[in-house]
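Keep in mind that the numbers below use all heavy atoms, side chains included, and drop hydrogens, waters and symmetry copies. A note on names: the letters A, B, ... follow the listed sequences, proteins ahead of strands, and every chain is numbered from 1.
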Amino acid sequence: MAKILIENREYEVEDGQNLLQACLSHGFNIPYFCWHPAMHSAGACRQCAVKVFKDENDTRGRIVMSCVMPVAKGMRVSIDDPEAKAFRENVIEWLMSNHPHDCPVCDEGGECHLQDMTQMTGHVYRRFRFKKRTYKNQYLGPLVNHEMNRCIQCYRCVRFYRGYAGGRDLDAFASRNRVYFGRSEDGVLESPFSGNLVEVCPTGVFTDKTLKSHFARKWDLQTAPSVCVHCGVGCNIIPGERYGELRRVSNRYNGEVNGYFLCDRGRFGYEFVNSPQRVKEALLKTADGVQEVSKEEALRLASHMIGMGGKVMAVGSPRATVETNFALRTLAGAENFYSGFSRHEARLASLIVEVMEKGPARSPSLKEVRSADAVLVLGEDVTNTAPILALALRQAAKNGPLKTAMKLGIPFWDDMAIKTATQGKKGPFYAAAPYATDDDDAAVKTFHGPPVEIARFAAAIARELNPSLPIVDGHSEETASLAREVAQALLEAERPLVVSGTGSGSEAVIQAAANVAWALCARGKKAGLTMVMPECDSLGAALIDSKGLDEAFAAAAEGEFDTLVIAENDIFRRMETEDAENFLASFSHVIVIDHVINDTVKAAHITLPGASFAESTGTLINFEGRAQKFFQVFVSAGAQQASWRWLKDMMDSTGLKLQKWESLDDVTSDAAAVIPAFEKITRAAPKHGFRIAGQKIPRQTHRRSGRTAVEADKTVYESKPTEDEDTPFSFSMEGFQGQPPSPLIARFWAPGWNSVQSVTKYQEYAGGPLRGGDPGLRLIEPKVAGAPFFKAVPISFKARKYGWLLVPMPRLFGSEELSVFSPPLASLQAKPFIGIAEEDAERLEVEEGDEIAVRANGKSFGLPAIFVPGLTRGVAAVPLLPGMAMLTLPAWGVLTRAKRRAA
Amino acid sequence: MLSILQSVWKMMLHAFRERVTVQYPDEKPVLAPRYRGRIILSRDPDGLERCVACYLCAAACPVDCIALQADETVDGRRYPSFFRINFSRCIFCGYCEEACPTYAIQLTPDYEMSEYKRPSLVYEKKDLLISGTGKYPGYWYYKVAGAAVKGKDKGDGLEEEPPVDVRSLMP
């Protein structure tokens with residue numbers, strides 16, 4: 001810590017920090033554009049000028065750019081110096097000389113960093129009397145809108161897109177005052193993180209196209225802290241609602257999880273909430289078809305079915321909240337409750353739980369992932385299964401070269417100098433996957449092979465680390481030396497990290513990954529082990545129960561059950577169609593609670609409309625083991641309510657299992673009391689009774705408009721805001737206006753800071769954790785005494801003459817159940833295909849695009865062939881896309897050239 | 001005694017003063033054009049809606065009686081898909097007009113809006129939109145804004161350079 005003088009008052013700042021960050025951390029307002037807490041300083045915009053004085057006697061001082069000025073002991077700084085102020089005002093005047101008079105039609109207006117900074121410098125009147133520069137815009141796809149006239153050339157977009165996220169198709173073009181940021185030609189942005197441009201851009205060049213299609217200003221959005229439900233990472237989000245419709249999702253900073261960024265699936269997948277496919281009213285299936293019934297009628301019928309005395313089976317879901325799964329378990333009893341995993345998923349999930357609970361390796365938070373200095377990815381296509389983890393891994397890959405650059409005396413925040421010094425060098429990041437993935441370009445070396453070969457490769461690494469582990473023979477010299485290299489790199493690192501998960505569908509890979517991490521722990525390393533799980537509450541569901549649907553099927557076949565209750569689970573995605581049909585047919589009554597109309601809903605006798613994440617409150621457990629609470633954003637117009645509440649109502653109306661659950665907190669507390677793994681879960685966020693100065697926290701901004709006009713076409717009598725029994729939030733603009741505790745931050749805003757950059761005002765220091773600690777509570781900590789290593793090493797892969805090994809290929813857009821109902825994402829989804837190695841084309845006598853007949857799991861279907869780089873001969877990749885038949889992968893199948901149609 | 005007489009004298013003089021009471025409704029008062037009465041939405045000189053649905057009027061409204069929803073035509077013009085003013089709440093403060101960046105929303109000297117039922121005081125866009133430019137005849141927002149719309153491409157606006165040639169290497 002060093003002491004510096006800001007405006008002649010002493011402040012403690014961290015040594016080596018840049019002056020801008022230090023001043024912002026102490027609450028001073030300095031305008032800036034190119035500096036970003038995650039991407040650090042570039043010195044491109046010349047906006048953050050302050051005056052620095054040599055010593056006490058220096059009266060003249062000199063103007064410096066604070067973002068590229070390291071703090072030094074005893075430094076004297078003036079922000080309010082008249083010269084520095086005039087300098088900043090002039091700079092913004094120059095920037096504004098070409099900025100169009102667009103604010104009324106600009107989606108950024110009202111949350112624009114440029115507006116805020118212009119106000120801050122005091123530049124209010126235009127003196128420039130000449131013409132404004134204009135640019136042509138580009139089509140950048142259905143997610144991001146481009147309006148280049150508004151650009152102030154701060155370079156943040158390319159620094160994020162190329163430098164931080166590893167994208168390749170956005171760049172700076174042209175020279176002098178014509179610099180242009182865009183693609184070389186019109187086209188969809190390729191990076192899965194393109195949506196972050198919306199928040200990274202300090203002005204309105206890149207804006208959210210989905211928001212544009214139903215635009216509302218930030219001050220009109222009703223918001224609450226929420227958690228993304230589109231993968232297992234559990235990124236923190238802020239969904240915004242207006243007029244009963246979800247309008248957008250923006251990032252909610254959580255230093256331990258997503259930090260400043262979201263992936264495109266998470267940012268734009270929200271549109272499923274507004275989908276016409278939503279179940280809005282209770283549905284009853286009768287002989288005449290499906291008809292809508294009232295909530296009371298549906299509940300009466302459902303409780304009649306349950307209360308008749310027959311046995312009840314309950315199927316939960318890895319995408320349902322802890323509370324919903326627990327309510328189902330309470331309804332049917334622990335022995336008749338199934339978490340809703342497929343047989344295969346259940347095996348993988350219970351193995352991961354075992355590895356996490358019993359092993360010595362810690363499951364790191366994403367912040368720890370970002371600071372890892374050696375990474376080994378085993379069998380996981382991270383960009384497609386857990387995109388924000390992939391983004392974190394990209395940062396980890398830069399840590400090695402960063403260390404070297406810092407040895408040259410370059411501070412870590414001097415982004416441009418670091419880039420020059422490191423010259424794009426990569427740190428020890430090794431990736432092993434069945435095919436070439438989007439993460440490969442960040443890796444120093446990659447290994448491609450079928451899952452068993454990945455497991456054997458990992459076993460060879462583990463053997464290098466621990467000689468007591470079994471020898472893996474039969475490896476080529478190349479593979480063996482790569483294994484040695486990886487082992488060496490992991491050993492040299494201070495914080496090595498192993499990443500694996502369910503993506504490859506192989507237990508052997510998970511076991512081998514655990515072995516590597518545990519061997520590192522045994523060598524005294526603080527090794528991390530991240531196990532990617534595909535759904536938002538996969539780990540939570542696995543912690544409650546890990547029986548697969550196959551066991552549910554077997555139990556149902558014995559015929560003792562009368563009623564089946566399924567919550568938020570489309571079992572047709574997890575069972576063979578025939579099995580699922582037989583399973584459902586073995587019950588006299590099937591009650592389904594879900595958000596969207598899917599095959600399971602179509603088969604149900606009674607469907608109850610379940611509230612989506614935006615319409616309900618609950619707890620989710622991400623793959624790190626972090627329990628995070630999301631809060632209801634708005635009250636939907638339909639009959640939707642949280643699944644657990646439907647279950648409570650059902651239990652109450654049977655009169656048999658009366659639950660004393662008045663609010664969600666009672667369910668959470670009961671779950672914590674009953675299930676040992678959830679012991680601490682109630683501490684994830686403040687309970688519903690939490691008040692600040694006796695006040696609730698408002699979901700609406702103090703600037704919200706239209707209160708007396710929104711409903712005036714229906715009635716001129718303004719209705720009372722809905723009471724919220726489950727959370728400390730109110731559905732109004734009234735309540736505590738200050739900063740709430742970190743799990744309850746409904747939006748980032750500070751006086752003078754309307755844009756997302758205001759997050760700095762909520763942090764302990766600029767770029768640091770939120771005040772009071774980042775939200776979420778870790779449930780699983782590693783054991784000191786290690787579990788025994790997994791001893792089995794699978795036998796090596798042999799390509800078969802007729803058989804093909806089909807491996808799963810998760811896709812960012814299409815593999816997740818709910819985001820496919822978001823129209824912009826659906827338009828980016830690939831059409832079903834089968835991936836083969838180019839070298840296999842000859843064997844199959846096909847060219848790319850030709851139809852291939854695939855037979856596997858007793859099913860056959862035709863798919864066009866696509867060459868997938870990195871695939872081993874004899875292995876085919878099956879993308880997990882809507883419209884594809886349900887397959888348990890990896891599996892053996894037969895591929896043949898489809899018969900050509902008669903000419 | 002004297003002061004009483006003085007007062008009586010003054011009052012008597014008033015009887016010969018010019019009358020200020022207007023015999024409304026038989027006689028209408030003359031109001032300044034900037035009188036803050038019934039709110040209207042005006043049109044651009046080309047006859048298209050001026051309102052670009054920026055929400056500033058709604059934000060400025062102290063009684064929150066304006067609600068609207070932004071949309072965009074295929075021509076790239078922003079417009080409100082609905083625009084509602086609840087005049088039973090309106091206090092005719094004129095903040096909406098002050099906030100409007102396009103001179104779309106204007107207060108007029110019409111005050112004869114009484115109704116028997118409150119719901120009749122809820123005006124939708126069709127009730128608000130007039131066919132002319134109102135108080136500001138020449139103003140045309142898209143001519144001075146950078147955004148391109150049909151009929152005004154990038155660089156066609158007032159005080160705009162033609163679009164930059166990104167591929168030019170000229171210094």
With a 6.0 Å cut-off (strictly less than), is the heavy-atom count around [atom1] of [X], excluding the residue itself, greater than 12?
X	atom1	answer
B/E159	CD	yes
B/R43	CZ	yes
B/Y24	OH	yes
B/R167	CZ	no
A/Q737	CD	yes
B/Y79	OH	yes
B/R34	CZ	no
B/M12	CE	yes

Chain A contact via [X] - which portion, at a heavy-atom distance below 4.5 Å:
X	value
B/R77	neither
B/R89	side chain
B/V166	both
B/E160	both
B/C61	neither
B/L158	neither
B/L169	backbone

- Taking all non-hydrogen atoms of both residues into account, name the closest pair between A/H214 and B/Q69 and its distance.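 Looking at all heavy atoms of both residues, the closest pair is C-NE2, 3.7 Å.
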- Taking all non-hydrogen atoms of both residues, which atom of B/C65 and which atom of A/A709 are closest, and how far apart?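 Closest approach of B/C65 to A/A709, heavy atoms only: O-CB, 3.1 Å.
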- Message: Taking the basic N atoms (NZ, or NE/NH1/NH2) and the acidic carboxylate oxygens, is any pair closer than 4.0 Å for B/R78 and A/D107?
- Response: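 Salt bridge between B/R78 and A/D107, a charged N being under 4.0 Å from a carboxylate O: yes.
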Can you tell me which portion of [X] sits under 4.5 Å from chain B's heavy atoms? Options are side chain, backbone, both or neither.
X	answer
A/D713	both
A/E718	side chain
A/T701	neither
A/K212	side chain
A/F130	backbone
A/N177	neither
A/R707	both

Of all of [options], which one pairs up most often with chain A through heavy atoms under 4.5 Å apart?
options	answer
B/R118, B/E161, B/E72	B/E161
B/A70, B/A59, B/S81	B/A59
B/S88, B/P101, B/A147	B/A147
B/I85, B/D64, B/L121	B/D64

Supply the atom-to-atom distance [X] [atom1] to [Y] [atom2], rounded to the nearest 0.5 angstrom.
X	Y	atom1	atom2	value
B/C54	A/R217	SG	CZ	6.0 Å
A/R178	B/M170	CZ	CE	8.0 Å
A/F215	B/Y55	CZ	OH	7.0 Å

- Begin with the C-alpha distance, continue with both residues' side-chain angles, and end with the deciding distance and a verdict on salt bridge (charged side-chain N to carboxylate O under 4.0 Å, His left out) for B/D153 and A/K136. CA-CA 9 Å; B/D153 206 354; A/K136 292 268 184 213; 3.1 Å; yes
Using a 3.5 Å distance criterion without hydrogens, assess whether the side chain of [X] forms a donor-acceptor pair with backbone atoms of [Y].
X	Y	result
A/T708	B/V63	yes
A/D102	B/G146	yes
B/R84	A/V710	yes
A/Y243	B/L68	yes

- Message: Assess the residue pair A/E147 and B/K154 against the criterion (salt bridge (charged side-chain N to carboxylate O under 4.0 Å, His left out)); give the C-alpha distance rounded to whole Å, side-chain angles, the decisive distance to 0.1 Å, and a yes or no.
- Response: CA-CA 11 Å; A/E147 178 57 65; B/K154 286 290 182 74; 2.9 Å; yes
- Query: Who wins among A/Y135, A/F173, A/Y180 for the most heavy-atom pairs under 4.5 Å with chain B?
  - Reply: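 Option with the top pair count is A/Y135.
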- Message: Which one wins on heavy-atom pair count under 4.5 Å against chain B: A/G706, A/P100, A/A216, A/C103?
- Response: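 Winner by heavy-atom pair count: A/G706.
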- Non-hydrogen side-chain atoms of B/V122 and A/V716 separated by less than 4.5 Å: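 When only atoms from C-beta onward are counted, A/V716 and B/V122 do touch, with a gap below 4.5 Å.
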